[in-house]
Amino acid sequence: MASPAVCPAFAYTIVYVSDVEKSAAFYAAAFGYTVRRQDQSHKWAELESGATTIAFTPLHQRETDGLSGEVKLPDSAAARGPVEICFVYEDVDAAYKRAVDEGAVPVSAPEQKPWGQKSGFVRDIDGNIVRIGSHVRE
């Protein structure tokens, strides 16, 4: 077992978006989060989301593009990026409806999966895939 000094804690999921303020407001309305912090530069916002922070930052910024490379988006609207965000709800159908009513683009309606999870998919206002699901029930 790793010592506490080298044992990481998962702290942030950072979503690269075209408009930080709009994305933070969209996630608050569509998925039920509260905006915890939004900085004056419009380059960072965080949602109150428990132990792991969901944060938003611009697609391109001088501070990171040169260090870690530019964000590459999927080539078409039918494609998806290599990461999806998953939010867990007790009432998946109600959460899916809320997200769509608030502007999320429906991808697939919630359905019961053979592995014990009910889930559906939407796209956020930047085209990112968001899974709306339950915990896997065994």
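Excluded from the calculations below are hydrogen atoms, water molecules and symmetry mates; all remaining heavy atoms, backbone and side chain alike, are included.
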State, yes or no, whether a side-chain contact exists between [X] and [Y] at a heavy-atom distance under 4.5 Å.
{"X": "Asp126", "Y": "Tyr16", "value": "no"}
{"X": "Leu47", "Y": "Thr34", "value": "no"}
{"X": "Ile129", "Y": "Val107", "value": "yes"}
{"X": "Val100", "Y": "Lys97", "value": "no"}

Among Arg37, Arg36, Glu46, which one satisfies side-chain hydrogen bond (donor to acceptor under 3.5 Å, both in side chains) with Thr53?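 The option that passes is Arg36.
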
Taking every non-hydrogen atom, the tightest pair across [X] and [Y]:
{"X": "Trp115", "Y": "Val136", "result": "O-CG1, 3.0 Å"}
{"X": "Phe87", "Y": "Ile54", "result": "CE2-CD1, 3.4 Å"}
{"X": "Val92", "Y": "Gly133", "result": "CG2-C, 3.5 Å"}
{"X": "Tyr96", "Y": "Phe121", "result": "CE1-O, 3.5 Å"}
{"X": "Phe56", "Y": "Ala24", "result": "CE1-CA, 3.9 Å"}
{"X": "Glu21", "Y": "Asp19", "result": "N-OD1, 3.2 Å"}

Distance in Å, [X] [atom1] paired with [Y] [atom2], rounded so as to fall on 0.5 Å steps:
{"X": "Glu90", "Y": "His135", "atom1": "CD", "atom2": "NE2", "answer": "7.0 Å"}
{"X": "His42", "Y": "Thr57", "atom1": "NE2", "atom2": "OG1", "answer": "13.0 Å"}
{"X": "Ser134", "Y": "Gln112", "atom1": "OG", "atom2": "CD", "answer": "6.0 Å"}
{"X": "Asp91", "Y": "Ile132", "atom1": "CG", "atom2": "CD1", "answer": "11.0 Å"}
{"X": "Ser18", "Y": "Ile125", "atom1": "OG", "atom2": "CD1", "answer": "6.5 Å"}
{"X": "Lys118", "Y": "Lys113", "atom1": "NZ", "atom2": "NZ", "answer": "11.0 Å"}

For residues Arg131 and Gln117, is any side-chain donor paired with an opposing acceptor at under 3.5 Å?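 Looking only at side-chain atoms, Gln117 and Arg131 do form a donor-acceptor pair, the distance falling under 3.5 Å.
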
Going by distance alone, is a donor N or O of one side chain under 3.5 Å from an acceptor N or O of the other, for Ser23 and Asp124?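 No - no donor-acceptor pair under 3.5 Å links their side chains.
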
Side chain to side chain contact (heavy atoms under 4.5 Å, CB included) between Tyr27 and Val17: does it pass, once the steps are laid out? CA-CA 12 Å; Tyr27 272 72; Val17 298; 5.9 Å; no

State which residue, out of Val20, Leu59, Val83, Asn128, fulfils the side-chain contact (heavy atoms from CB on, under 4.5 Å) condition with Val15.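 For Val15, the side-chain contact (heavy atoms from CB on, under 4.5 Å) check succeeds only for Asn128.
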
Are the side chain of Asp39 and the backbone of Ser41 linked by a donor-acceptor contact shorter than 3.5 Å?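 Between the backbone of Ser41 and the side chain of Asp39 there is a qualifying donor-acceptor contact (under 3.5 Å).
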
same_hphob_cluster(Tyr33, Ile85) at 4.5 Å side-chain heavy-atom cutoff: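 The answer is yes; both residues are in one hydrophobic cluster.
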
Parallel, tilted or perpendicular, as decided by the 30° and 60° cut-offs, for the rings of Phe26 and Phe31: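 It falls in the perpendicular class, over 60°.
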
